[in-house]
J.: 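I have a structure I would like to understand better, so I am pasting it below and will then ask my questions one at a time.
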Amino acid sequence: MAIDIDISGMTCASCVARVEKALKAVPGVRDASVNLATERAAVQGEGLDLQAILAAVEQAGYTARPTGTPKAEPAQGLPARWPVALAALLSLPLIAPMLLAPFGIDWMLPGWLQLLLATPVQFWLGARFYRAGWKALRAGAGNMDLLVAIGTSAAYFLSLWQLLNAGGHGHLYFESAAVVITLVLLGKWLEGRAKHQTVAAIRALEALRPSEAIVRRAGQDTVIALDALRAGDLMVVRPGERVPADGKVVEGASHLDESLLTGESLPVAKGEGDRVTGGAVNGEGLLLVEATAVGADSMLARIIRMVEDAQAAKAPIQRLVDKVSAVFVPVVLLISLVTLLAWGFATGDWQQALLNAVAVQVIACPCALGLATPTGIMVGTGAAARHGILIKDAEALETAHALQMVVFDKTGTLTEGRPRVVALEGDDPQRLLALAAAVQQGSAHPLARAVTDLAAAQHVAAPAATESAALPGRGVRARVDGAAVWIGNRRLLDEIGAGAPAAALVAAAERHEADGRTVSWLAREAGGGIVVEGVLAFGDSLKPTSRAAIARLRDLGVDSMMLSGDNEGSARAVAQALGLTRWVAQVQPQDKADVVRGLMAEGRTVGMVGDGINDAPALAAAHVGIAMAGGTDVALHTAGVTLMRGDPLLVADAIDISNRTWRKIRQNLVWAFVYNVVGIPVAALGLLNPVLAGAAMALSSVSVVTNALLLRRWRPAPRPAPDIISTQPQGAHKMYELTVEDMSCGHCVGRVTKSVQALDKDAKVEVDLPTKKVKVDSTADLDRIAEAIVAAGYPVTAKSV
């Protein structure tokens with residue numbers, strides 16, 4: 001059970017530590033993680049009582065409410081910066097003599113006027129420090145507010161004592177108290193503005209949700225609120241509008257802009273039967289879409305939830321910061337007391353001793369320490385999300401920068417995952433195809449789809465099959481016409497005790513495997529035994545960016561390895577095409593996790609990239625699991641990083657943003673620690689007055705957040721030109737004919753021709769604008785040619801050989 005709550009009033013890392021301590025003391029709470037940047041706490045446990053959790057936070061001195069509950073707005077309409085502006089206006093006359101002194105102007109306000117200016121700053125505009133400090137004191141802890149309240153009060157009341165008892169003679173320190181409060185208020189205001197920018201990614205995603213949807217009911221189109229939309233409703237999506245929810249196109253064709261969801265800049269063609277994602281922008285066509293997932297179940301809602309969880313999570317390095325913060329304020333107060341006594345007894349100048357002690361308290365602000373890690377994580381995960389990389393938790397972000405080996409599953413990750421039947425070897429190819437299609441009916445496996453697609457294209461009727469069962473890592477079994485039929489790899493033949501295949505089939509299978517094709521054997525019961533009927537050979541194409549992805553990982557110092565359930569020849573062909581030196585063929589699903597664990601046992605930090613259910617154990621076993629969003633929900637839930645489009649180059653981009661985020665976190669932590677390690681001794685030695693200490697304290701927090709915001713400029717590496725590689729040999733030229741829409745001029749003809757010749761520079765392309773027919777003479781695959789034309793912006797509505 002988990003509960004998220006929003007918390008107001010936290011100002012520094014010490015506040016975080018106190019709230020976590022209070023939450024963990026609530027009965028039933030197993031763990032609690034508080035994030036200063038998001039001002040949110042995630043509480044986990046069994047039998048949690050929300051009211052008890054809220055009460056524990058209140059008792060610790062802070063305000064809490066369940067996440068999602070609207071925050072009460074202040075009654076006054078004044079902008080948030082008004083306390084800063086008013087404090088600056090009142091403090092300026094107090095600081096003016098110090099500013100004018102370098103120019104030889106000796107001028108000082110009367111003491112009573114200094115008192116009038118400093119008092120509202122101290123007790124009205126600075127009241128928040130007293131309130132928060134008192135709450136911390138009652139809870140038996142300390143925080144930044146307590147340090148500011150004690151330090152400025154000491155300077156104020158010392159000045160008041162001087163004014164009342166010495167007639168205003170001697171130096172007064174009202175300006176120190178007032179200016180410190182003004183600078184702290186300025187720092188918190190700037191910090192709040194900067195933190196607001198760190199959640200820009202969440203706001204951008206939330207802006208994708210339209211407030212209304214048009215639904216068609218009983219033939220009538222009606223506008224309803226998005227909250228009233230239900231699964232099964234028929235949504236009408238007009239050109240230029242956003243898709244209200246996830247669904248399936250039941251009528252119409254168009255192009256959808258999914259760039260804010262996937263990072264893919266090109267519009268994606270959608271037609272009947274295609275799935276669409278809520279938040280995408282419809283292009284030129286009217287679509288009728290059946291809603292399949294609405295509200296919290298939609299892909300957009302899940303993406304927002306993943307980004308929020310990642311930004312609210314606490315990185316492992318933050319635990320060290322929390323331990324330091326827990327004792328930080330008491331140690332600072334002790335150092336301040338020692339400074340006061342040491343200077344007082346050593347010099348007899350108790351006024352100067354008090355000022356030095358105040359400077360120690362003011363400069364020792366733990367704000368920067370508390371913001372160093374969460375702001376880096378928030379901005380880093382937000383920048384990644386804008387470019388199609390969803391990082392589920394802070395631990396994955398922190399670990400990814402140290403990856404030494406990335407293990408890829410082959411099919412669907414490095415390859416397109418859309419294999420095609422390229423050969424049928426047997427005495428009766430038509431009968432072989434019919435049996436294979438019967439066994440594969442209902443299977444979602446890519447090889448099964450390739451068989452059924454070919455059967456449909458050749459108008460081969462598949463007989464009915466019963467008792468169908470998948471054999472993981474080996475194949476499929478079913479009963480056709482009363483006889484058992486198997487289709488799978490060579491290991492399956494050995495397991496079922498099939499008879500020796502004919503020499504011609506063995507030779508054909510070896511030839512196809514040597515060419516890098518995947519081979520499936522088909523066997524059936526006959527004459528009291530099991531007879532091998534034939535061989536089906538499948539070919540798959542590598543994704544255009546696969547080779548560039550492996551090269552980029554190599555440039556980042558990360559080794560790559562490939563796992564495949566295919567035969568050795570097919571795996572070798574893919575590995576050689578990609579320049580890989582390590583691969584493992586014929587790996588069963590349960591063995592993938594063992595391979596990953598073996599690499600981890602060698603002392604390597606390992607990432608696993610996959611997209612299927614059979615990859616889930618390996619994704620969970622790796623230090624960092626990376627799932628392709630085109631895969632199964634199981635893979636997405638198991639992985640720590642999700643790539644919103646199937647581009648292998650995003651793996652390198654994910655590691656790159658992790659590197660940069662980790663670098664920013666280290667920079668922030670070094671700055672925060674050095675600032676305190678250097679600043680406190682300097683103040684204790686009397687080399688820093690309270691005014692400069694206040695300015696430095698404000699600068700430290702703002703600089704940490706600003707440094708993290710630089711991550712917003714991150715962009716993925718430029719994509720190389722498409723590198724079309726096929727794992728099957730290029731054959732002779734073939735003549736294709738395609739029907740291509742939206743062509744209207746010679747410029748369109750040129751773009752279509754260029755898109756085809758990007759795949760095959762020797763291709764011959766003839767375009768007939770009136771009939772919309774495009775004839776292509778090329779060695780490239782027909783599907784690849786169609787995809788290239790669609791990517792150029794022209795829908796392909798028909799194609800044939």
Side-chain angles (χ1 to χ4, degrees), residues 399-417 473 489 491 513-519 540-612 614-628 631 635 639 641 643 646-656 658-659 723 725-728:
T399 306
H401 87 280
L403 287 178
Q404 299 168 307
M405 169 73 77
V406 172
V407 180
F408 288 90
D409 174 60
K410 179 179 77 71
T411 304
T413 302
L414 292 172
T415 68
E416 294 287 0
N489 54 28
R491 184 186 298 114
E513 288 180 346
D515 288 339
R517 295 167 175 169
T518 299
V519 170
D540 193 7
S541 296
L542 292 178
K543 292 182 177 179
T545 56
S546 291
R547 186 155 59 187
I550 300 300
R552 177 107 189 282
L553 287 171
R554 192 180 299 119
D555 292 340
L556 292 172
V558 180
D559 295 328
S560 300
M561 180 178 180
M562 184 185 76
L563 302 182
S564 174
D566 294 340
N567 60 73
E568 181 68 26
S570 178
R572 184 189 303 109
V574 173
Q576 290 175 347
L578 293 174
L580 286 169
T581 58
R582 296 189 66 173
W583 71 89
V584 181
Q586 295 183 311
V587 181
Q588 296 197 47
Q590 63 269 26
D591 295 334
K592 292 181 181 180
D594 292 336
V595 173
V596 170
R597 293 189 190 98
L599 293 169
M600 294 167 63
E602 296 174 7
R604 293 173 178 266
T605 305
V606 180
M608 174 69 195
V609 186
D611 69 335
N614 60 357
D615 298 323
L619 290 171
H623 290 110
V624 180
I626 303 174
M628 296 282 189
V641 178
L643 309 181
D647 181 358
L649 267 174
L650 285 178
V651 176
D653 291 331
I655 294 174
D656 183 50
S658 173
N659 279 330
D723 186 11
I725 313 166
S726 176
T727 62
Q728 50 182 312

J.: For T413 versus P648, what's the shortest heavy-atom pair and its separation?
T.: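 Nearest pair, atom of T413 first, then P648: O-CG, 3.4 Å.
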
J.: Without swapping roles, check the side chain of H623 against the backbone of V606 for a donor-acceptor pair under 3.5 Å.
T.: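 Checked: pair present.
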
J.: Atom OG1 in T415, atom CZ in F408: separation rounded to 0.5 Å?
T.: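 CZ of F408 is found 12.0 Å from OG1 of T415.
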
J.: Heavy atoms only: give me the nearest S546-L414 pair and the separation to one decimal.
T.: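 For S546 versus L414, the nearest heavy atoms are OG-O, 2.6 Å.
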
J.: First locate atom CG of L563, then atom CG of D591, and finally report the distance between them rounded to the nearest 0.5 Å.
T.: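 Going from the CG atom of L563 to the CG atom of D591 covers 10.0 Å.
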
J.: Show me, pair by pair, the donor-acceptor contacts under 3.5 angstrom made by side chains of residues 573-585, not counting sequence neighbours?
T.:
{"unit_1": "W583", "atom_1": "NE1", "unit_2": "E568", "atom_2": "OE2", "d": "3.2"}

J.: Which atom names give the shortest non-hydrogen contact between V558 and L403, and what distance separates them?
T.: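 For V558 and L403, the tightest heavy-atom pair comes out as CG2-O, 3.5 Å.
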
J.: With rounding to the nearest 0.5 angstrom, report the CG to CE distance, D559 to M405.
T.: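 Going from the CG atom of D559 to the CE atom of M405 covers 5.0 Å.
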
J.: Show your working on salt bridge (charged side-chain N to carboxylate O under 4.0 Å, His left out) between D647 and K543 and close with a plain yes or no.
T.: CA-CA 8 Å; D647 181 358; K543 292 182 177 179; over 6 Å; no

J.: Of the non-hydrogen atoms in M562 and A571, which two are nearest, and what is the gap between them?
T.: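 In this case the closest contact between M562 and A571 is CE-O, 3.3 Å.
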
J.: Quick one: CZ on R552 to CG on D653, what's the gap to the nearest 0.5 Å?
T.: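 Nearest 0.5 Å value for the CZ-CG distance: 5.0 Å.
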
J.: Is there a donor-acceptor pair closer than 3.5 Å between any side-chain N or O of Q404 and the backbone N or O of T605?
T.: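 Checked: pair present.
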
J.: Heavy atoms only: give me the nearest A400-V624 pair and the separation to one decimal.
T.: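 Looks like N-CG2, 3.9 Å.
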
J.: Let me confirm one number: the CZ-CE distance from R604 to M561, rounded to the nearest 0.5 Å.
T.: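 Going from the CZ atom of R604 to the CE atom of M561 covers 9.5 Å.
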
J.: Side-chain contact, heavy-atom cut-off 4.5 Å: D409 with K592?
T.: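 Touching, per the 4.5 Å side-chain cut-off.
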
J.: Drop me the distance from L650's CG to I655's CD1, to the nearest 0.5 angstrom.
T.: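 L650 atom CG to I655 atom CD1 measures 11.5 Å (nearest 0.5 Å).
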
J.: Determine the minimum heavy-atom distance between A652 and L556, stating which atoms define it.
T.: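 Distance-wise, the nearest heavy atoms are O-CD1, 3.8 Å.
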
